[in-house]
**Q** 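What follows is a single structure, and I will ask about it in a moment.
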Amino acid sequence: MRGIKIIGTGMYIPETVADNDWFSTILDTNDEWIYSRTGIRRRHISADKPNYYMACQAAKAAVADSGIDPAEIDLVLAATCSPDFFYPAMSCLVQNDVGAVNAAAFDISSACTGFINALDTASRFLLDSDYRNILIVASERLAPHCDYTDRTASILFGDGAGAAVVTRSDKPMWSYLSAKGDPFRALYCKVDQSRTNCPLIKEDSEMSKFIDNEAKTHFMQMNGKAVYKFAVEAMETAVNKVLERAKLSKDDIDLYIPHQANARIIESAVKNLGLPEDKVYVNLEDHGNTSSACIPTALAELRAQHRIAEGMTVCMVGFGAGLTSGAIVYNQ
Ligand code: UT7
């Protein structure tokens with residue numbers, strides 16, 4: 001039987017705060033608009049540290065919390081859509097820093113659904129191989145991706161990292177993963193290859209599928225309304241599908257941890273699904289949307305508050321660029 005137990009969690013949130021009032025000093029916006037439309041008051045920016053630094057801090061905290069020796073980690077999975085390097089994979093930097101000398105390592109890139117996809121991958125490794133302990137870290141430094149002249153997108157995102165150590169469990173888990181490659185243009189960030197010095201390289205005509213002439217930049221491009229609509233539907237579908245697979249009712253779940261994109265997205269989906277609000281964890285007021293890091297950061301906060309107890313059934317649901325979505329139900 002496929003099952004996981006989370007035996008340690010950790011998080012790292014950078015010190016620099018960008019609150020809504022700060023945004024009103026650089027953009028035509030204000031706290032009232034941002035809070036009422038998104039539920040966000042502040043987010044944190046990694047002003048002077050790379051993404052892998054945040055990932056390593058969160059990972060080390062998770063390993064310390066788990067109590068295992070780093071040498072007992074068999075695999076390091078890193079979920080990120082904002083790596084510092086094309087290669088090496090961020091997971092290799094984490095593997096080295098935590099001292100996971102016996103671990104393999106690779107990255108998973110599926111934006112805000114990254115932690116869900118990584119946890120699902122981990123559960124399959126735990127089932128089908130002799131791996132015992134897997135370290136998952138999800139870390140994002142989105143500030144360099146955001147266009148701080150664009151008031152619609154930049155106000156949503158923050159930087160941070162969350163990590164979890166997972167081990168095999170004889171209690172069941174279920175997952176539902178989905179990808180919808182069209183409309184991929186709703187949310188993307190193009191790799192900047194303008195610095196090539198290869199004389200043979202011409203302008204990449206295939207890229208016109210993604211970008212219009214005004215958007216030929218390496219900044220994140222987002223159709224907020226399209227993503228919003230997708231997000232509400234994706235969250236509902238993923239929760240319904242995973243509960244169907246688990247043969248559980250909505251009431252059987254003790255705790256829901258959704259991706260923290262926008263409080264209105266969560267509220268709409270929660271209302272449509274008929275979930276009890278007090279079982280749904282929301283922390284985006286303080287962090288904004290940290291993409292793949294949202295769910296493991298929430299896990300780390302909940303564990304630190306002793307709100308995830310042995311035997312609880314937890315449902316996590318993510319959605320984001322790709323467009324991708326997914327949900328996991330597991331018994332702690
Ligand atoms: O992980 C997934 C990542 N992406 C998302 O989750 C994005 C999902 N989408 C959203 O969260 C929302 O669509 C936004 C927060 C991006 C936008 O909220 P909205 O309620 O859909 O606003 P809107 O785009 O319909 O804009 C309404 C008005 C517009 O002005 P006009 O045309 O009515 O005069 C915008 O220009 O609000 C204006 N506006 C702002 N005003 C003040 C847009 N952004 C701002 C702002 N401050 N920051």
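Atoms within each ligand, like the ligands themselves, are counted from 1 in listed order.
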**Q** Students often mix this up, so state it plainly: with edges at 30° and 60°, are the rings of His287 and His44 parallel, tilted or perpendicular?
**A**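 If you compare the ring of His287 with that of His44, the planes turn out tilted.
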
**Q** Arg42: which residues meet the salt bridge (charged side-chain N to carboxylate O under 4.0 Å, His left out) condition with it, sequence neighbours left out?
**A**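 By the salt bridge (charged side-chain N to carboxylate O under 4.0 Å, His left out) rule, Arg42 matches Asp286.
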
**Q** Do any pairs count as a salt bridge (charged side-chain N to carboxylate O under 4.0 Å, His left out) and have a residue in residues 7-21, sequence neighbours left out, and if so which ones?
**A**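 Found none.
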
**Q** State whether a side-chain donor-acceptor pair under 3.5 Å links Asn51 with Ser139.
**A**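 On atom types as modelled, these side chains qualify, holding a pair under 3.5 Å.
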
**Q** Applying a heavy-atom distance cut-off of 4.0 Å, which protein residues contact ligand 1?
**A**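 The 4.0 Å shell around ligand 1 contains Asp28, Thr29, Trp33, Arg37, Thr38, Cys112, Arg151, Thr152, Leu156, Phe157, Leu187, Met222, Gly224, Lys225, Val227, Tyr228, His259, Ala261, Asn262, Arg264, Ile265, Asn289.
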
**Q** Do we see a donor-acceptor contact under 3.5 Å between the side chains of Thr290 and Glu140?
**A**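 Short answer, no.
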
**Q** Taking only distance into account, with no hydrogens and no angle test, what donor-acceptor pairs under 3.5 Å do side-chain atoms of residues 238-248 form with protein atoms, sequence neighbours excluded?
**A**
from	atom 1	to	atom 2	distance (Å)
Asn240	ND2	Glu236	O	3.3
Arg245	NH1	Ser175	O	2.9

